[in-house]
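In what follows, a structure is listed as structure tokens, so that the remarks can point back to it.
In what follows, chains are A, B, ... by sequence order, proteins preceding strands, each numbered from 1.
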Amino acid sequence: MGELKKVDFEYSQLNSERMRLNVGPQHPSTHGVLRLEVELDGEIVTEVVPHIGYLHRCFEKHCENMTYPQVIPYVDRMDYICSMNNELPYVMGVEKMLGIEVPEKVEYIRVIFSELNRIANHQIAIATFGLDAGAFTPFLYLFRDREFILTIFEKASGGRLLYNYFWVGGLAHDVHPTFKEDIRWIVKRVKETNKEIADLLLYNKIFIERTANVGILPADVAINYGCSGPVARGSGLPFDLRKDAPYSIYDRFDFNVVTGRGEVGTVGDCWDRNIVRFHEIEESCRIIEQALEQMPDEGDVREKLPKKIRPPQGEIYSKAENPKGELGFYIVSNGKDKPERVKGRGTSFVNLSVLPEISKGYLFADLIMILGSIDIVLGEVDR
Amino acid sequence: MGLLNKLDDPYYGGGIILGTLEDVLNWGRSKSDWYLQFGLACCAIEFMAVNASHFDFMRFGCIPRTSPRQADFMIVSGTVTMKMAERIKTLYEQMAEPRYVISMGSCANCGGPYWEHGYHVLKGVDRVIPVDVYVPGCPPRPEALEEGMIKLQKMINEQAIFNKRKRLREAEEKEKSVSDVVLSQN
Ligand code: SF4
């Protein structure tokens, strides 16, 4: 037998045929009705084109036809996993236009509920991310706890998912009598579950193999795309509006901004984005505990307002740190009782735009993980 | 459960079931419904909660399926937009008969909060596919969806299988409930 001749070739020189694959809009891993057009080379992703608009619910059109308080339920339905957080920047914006201050007690209740909802949101994010990776048990554990949080929301506002609780100038009604005990109990409970989740999911060897060094988002790309929230913080950027531009009463609390450090892989991989969420749950617990200590017991929960809210002519951009990132509302008023325009800056929409950039060159199964780690809600993408 | 009670009958001894074959088949069908898993909007989050620990949807014998071809019924949970309506129709048509639909939430029932100004929202999924059970609420409580599931099971239990004329009439009535809307081509 003659000697084998060594052939010089690169993998890319083998002209394999590209395949176009359609993922969604009905797909359990797209977190809603997102459609991804994926171009594959074998099993390697070469291009991703997200197609959106399957849940466009005409948010801006509704705002044009509703009075200022009537817009709040529609704001709820933008990012329906964390409705309380959505209401906050909107009502803050309208209050700023009106030039009113809300009572002290209201500010504390708003912060407590926003942070509780942040916990609930991160629990869903981690749970569904686990589902994408094929882990069903953490899903059950986290939903068990989330259900207790929802019970508290339900006692206060009457709704399990969509609350319409923060009103312009205060709250819809006062919290229930056992509010403080309930919250103390749930905070303790959440901390315990967090320990379980660390063992069950986040530091699980299989999970680390699946997510570490996958979907790396460098810090400069994150800045260029305007990412915020855990997606940006996972890449090591300490960007948090609660610290950088404190609104409401967030400057009174002591908490850390969690950033990804590349503990098991590279800074900015899928695992980092999730560990940021995980630690943010603990930070939120800290904020809630401090707020409970400082919160006054007595006090009104609503500022006296005229029946028709008519902010003076002008415009305002009001923003807050939503669990998914910076959520802003640009409100234009023409002096009437209906806004001229309300434009929402959807966090998920901005964060989703980075997906084609960071998923190139990974396996197709990893694309699902990357999409899950960005944590989008289609209601906010399409609005 | 009527069938199991018959097993306790002291006169006939154990192990004998008296009933029609239709009853037995319907009993089996109603207690092992597999549903098509897909979520549309906020109601889908409540639907996830129904699946999770506190409410445990699987005790109704419901197992999520990701392919319409393996599913018995589908739960339309959330806002149906014009763009999605076509896909829902396709998914429904891909399901094998007999097939059922639960419409969950006000949006799927009638357009919900978007009934007036929602230029891109379909005012009720029953305009494109026939609906068997409507669950009201925005979002419906998990208990409400479970009630809807029980209603569906009852409905399946009473369905005709061997009486061809009755079966055809039922199917015809169901199809008639769909009003024809022209969907924009997008
Ligand atoms: S009925 Fe309400 S909760 Fe359900 S999808 Fe529509 S707006 Fe969302």
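Not counting sequence neighbours, A:His51 has no partner by the ring pair (Phe, Tyr, Trp, His ring centres under 6.0 Å) test.
Atoms CG and CE, on A:Leu131 and B:Met48 in that order, are 7.0 Å from each other to the nearest 0.5 Å. Atom CD in B:Glu116 sits 7.0 Å away from atom CG in A:Asn65 (nearest 0.5 Å). Atom-to-atom distance recorded for A:Tyr141:OH and B:Ser53:OG is 9.5 Å, nearest 0.5 angstrom. Rounded to the nearest 0.5 Å, atoms CG (A:Leu162) and CD (B:Glu46) are 8.0 Å apart. Rounded to the nearest 0.5 Å, atoms CZ (A:Phe143) and CG (B:Asn51) are 9.0 Å apart. Interatomic distance, SG of B:Cys42 versus CG of A:Asp79, reported as 10.0 Å (0.5 Å rounding).
Using a 30° and 60° split on the angle between ring planes, B:Tyr119 and A:His56 fall in the tilted class, from 30° to 60°. Using a 30° and 60° split on the angle between ring planes, B:Tyr114 and A:Tyr74 fall in the perpendicular class, above 60°.
Distance alone, capped at 3.5 Å, is enough to place a donor-acceptor pair between the B:Thr81 side chain and the A:Tyr54 backbone.
Residue A:Arg57 touches chain B through both its backbone and its side chain, counting heavy-atom pairs closer than 4.5 Å. Of the atoms belonging to A:Thr128, it is side-chain heavy atoms, and not backbone ones, that fall under 4.5 Å from chain B. Interface remark: B:Leu36 contributes side-chain atoms only to the contact with chain A (heavy atom separation under 4.5 Å). Only the side chain of A:Tyr80 comes within contact range of chain B, with at least one heavy atom under 4.5 Å from a heavy atom of that chain. Heavy-atom distances place no part of A:Leu142 under 4.5 Å from chain B, backbone and side chain included. Residue A:Glu60: no heavy atom, backbone or side chain, is found under 4.5 Å from chain B.
Note: B:Ile45 leads B:Val80, B:Ile88, B:Ile45, B:Asp56 in heavy-atom pairs under 4.5 Å with chain A. By number of non-hydrogen pairs under 4.5 angstrom with chain A, the leading residue of B:Pro64, B:Ala41, B:Cys107 is B:Ala41. Ranked by heavy-atom pairs shorter than 4.5 Å toward chain A, the options B:Gly78, B:Pro68, B:Cys138 are led by B:Cys138.
Within a 6.0 Å radius of NZ in B:Lys151, no more than 12 heavy atoms belonging to other residues, nucleotides or ligands are found. The neighbour count for A:Lys188 NZ, taken as heavy atoms of other residues, nucleotides or ligands under 6.0 Å away, does not exceed 12. Atom CZ of A:Phe349 is surrounded by 12 or fewer heavy atoms from other residues, nucleotides or ligands within 6.0 Å. The 12-atom threshold is not exceeded at NZ of A:Lys61, counting heavy atoms of other residues, nucleotides or ligands nearer than 6.0 Å. In the displayed structure, B:Arg165 atom CZ is contacted under 6.0 Å by at most 12 heavy atoms of other residues, nucleotides or ligands.
For A:Phe148 and B:His54, the distance between ring centers is under 6.0 angstrom.
A side chain to side chain contact (heavy atoms under 4.5 Å, CB included) with A:Arg160 is found for one member of B:Pro140, B:Pro142, B:Pro139 and no other, namely B:Pro142.
At a heavy-atom cut-off of under 4.5 Å, chain A is reached by B:Leu91 from residues 90-106 of chain B, listed in order of number.
B:Ala49 approaches A:Glu147 most closely through the heavy-atom pair CB-OE1, 3.9 Å.
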